[in-house]
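First the structure, in the form of structure tokens, and then the observations on it.
Naming convention: chains lettered A, B, ... in sequence-line order (proteins, then strands); numbering from 1 in each chain.
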2 protein chains.
Amino acid sequence: MASDHTRGAILAAAERLYADRGFGDVTLRDIVAAADVNLAAVNYHFGSKDELIAELFVTRSIATNRERLNELKAAEEGGGGRASIDAILRALVGPTLRGCLGPERERSTAARFMIRASIESVPPIRRIRNREIDHLRKFVAAMRRALPDRSEVELYWALHFALAMAHQTVRDSERLTKLSEGKCDLDDVADIIERVVAVSVMALTGGEVERKPPAKLMARDAP
Amino acid sequence: MASDHTRGAILAAAERLYADRGFGDVTLRDIVAAADVNLAAVNYHFGSKDELIAELFVTRSIATNRERLNELKAAEEGGGGRASIDAILRALVGPTLRGCLGPERERSTAARFMIRASIESVPPIRRIRNREIDHLRKFVAAMRRALPDRSEVELYWALHFALAMAHQTVRDSERLTKLSEGKCDLDDVADIIERVVAVSVMALTGGEVERKPPAKLMARDAP
DNA sequence: GTCTATAACCCGATAGAC
DNA sequence: GTCTATCGGGTTATAGAC
């Protein structure tokens with residue numbers, strides 16, 4: 001089975017090149033040159049360029065999702081079958097943020113690949129992300145157990161906003177650093193996780209009360 | 001100046017095709033066929049495919065940024081030189097959300113183009129987005145006037161999270177609809193704006209107090 | 001100045017020999 | 001399984017007609 005070597009070499013070279021230079025700038029010819037294999041081997045082992053990218057992304061996604069579920073399970077067992085809402089949200093955003101942020105020098109190829117995937121969002125990756133819904137439902141279910149009084153709509157919005165803050169922080173960490181002139185420390189991952197979790201929890205516990213009634217034709221605000 | 005017609009036809013055709021089918025699936029040949037002009041006209045009028053995309057995006061971005069600043073100015077004048085924090089954040093996220101969400105049938109070509117740009121994030125568009133920092137600084141300055149007691153870091157994070165929630169809602173509206181089985185109404189733009197603003201305000205007014213101290217090696221949570 | 005026509009090159013995918 | 005050779009198509013760039 002010399003093929004396993006070829007296959008693995010392609011995967012490793014592709015992940016590194018995509019992480020370093022992005023999906024748009026890396027051709028299959030670049031990849032096979034770096035892996036020192038033949039051009040046709042890519043099509044033989046993966047079927048197409050898109051399926052190669054999909055396999056790279058699926059592998060890393062499965063790892064992240066397993067981490068999330070492990071943390072969720074640990075939080076629920078620690079709480080006697082019902083995890084606290086902050087622990088649930090921490091299990092949701094923690095693995096992604098820990099995996100993608102942190103000091104530059106410590107970022108693995110896998111981490112840089114996932115950051116790139118988050119920024120460029122090429123078609124095969126989008127297709128896989130759209131199949132994540134069943135995975136997210138497990139977190140909605142846990143949130144429902146933690147906050148049985150909240151309406152489901154509020155739970156969905158809170159989960160959506162938590163993921164939004166986490167992903168955008170991964171995507172735009174450079175812009176936030178520039179905007180804040182370094183005052184926002186993107187290397188302090190634990191602090192960022194707690195920020196995202198705290199805001200998401202407030203969206204669930206502090207909201208609903210002070211939100212304005214839906215004013216359909218509001219153009220400006222008038223105090 | 002028959003060229004103005006050619007130029008405009010290319011811009012209109014390109015925006016429509018990109019909005020409908022995405023940047024990856026539309027070739028220059030598709031565009032010139034739809035605009036009924038010659039292939040080389042694109043290179044003559046815009047220099048390259050990337051510059052054509054950049055011009056489309058810059059035009060729409062300028063319009064959005066002007067709306068934002070108009071709303072900010074109106075809010076500050078209405079408040080005697082100092083706008084309330086919610087009015088500032090509403091001016092920041094309102095134009096984008098109003099422009100990109102709402103009933104499908106009402107979405108203009110320009111709106112669908114901006115949604116596409118938000119999802120696919122192709123290199124020329126990323127370059128332009130990175131130059132938005134000076135624009136955002138005006139909102140940071142307004143926030144500082146509204147909440148002079150808050151530390152600057154908190155203002156940056158709140159602005160970042162507000163934009164994160166707004167952009168991710170535009171980007172992933174379909175996933176949220178599926179996840180919530182239609183229970184989250186993505187057509188009720190006014191409600192979405194108020195949700196984003198409310199959560200962002202809470203990030204500024206409710207935070208700082210109950211956030212945990214930075215626990216560098218926290219793996220799980222232990223109550 | 002404006003546009004047409006075409007050249008020269010690179011991409012991903014694949015048929016078929018080995 | 002691996003490799004050569006090649007196809008169809010997209011992109012830039014440009015010579016030269018209008």
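Atom CZ in B:R7 sits roughly 16 Å away from atom P in C:dG1 (whole-Å rounding). Put simply, CZ on B:F46 is 16 Å from P on D:dA13, counting in whole angstrom units.
Contact check, A:H5 against D:dG1: no side-chain N or O comes under 4.0 Å of OP1 or OP2. Put simply, A:H45 has a side-chain N or O that comes within less than 4.0 Å of OP1 or OP2 on D:dT2.
Listed by first and then second residue, the ring-ring contact (aromatic ring centres under 6.0 Å, His included) pairs involving residues 107-133 of chain A are A:F23-A:F113 (not counting sequence neighbours). The ring-ring contact (aromatic ring centres under 6.0 Å, His included) pairs that include a residue from residues 27-76 of chain A number zero, where partners must be two or more places apart or lie in different chains.
When the side-chain hydrogen bond (donor to acceptor under 3.5 Å, both in side chains) test is applied to A:R60, the partners found at least two apart in sequence or on another chain are A:E15. By the salt bridge (charged side-chain N to carboxylate O under 4.0 Å, His left out) test, A:R112 is found to be paired with A:D20, residues two or more places apart in sequence or in another chain being considered. Under the side chain to side chain contact (heavy atoms under 4.5 Å, CB included) criterion, A:K183 pairs with A:S180, A:E181, B:E152, B:V153, B:Y156, not counting sequence neighbours.
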So if I define the base as every atom that isn't primed, P, OP1 or OP2, how would nucleotides 8-15 of chain C read as a B/S/- string at a heavy-atom cutoff under 4.0 Å?
---BBBB-

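Of the candidate nucleotides D:dT2, C:dC3, D:dC3, D:dT2 has the atom lying nearest to any side-chain atom of A:T6.
Side-chain atoms of A:R175 and A:Q168 form no donor-acceptor pair, as typed in the model, at a separation below 3.5 Å.
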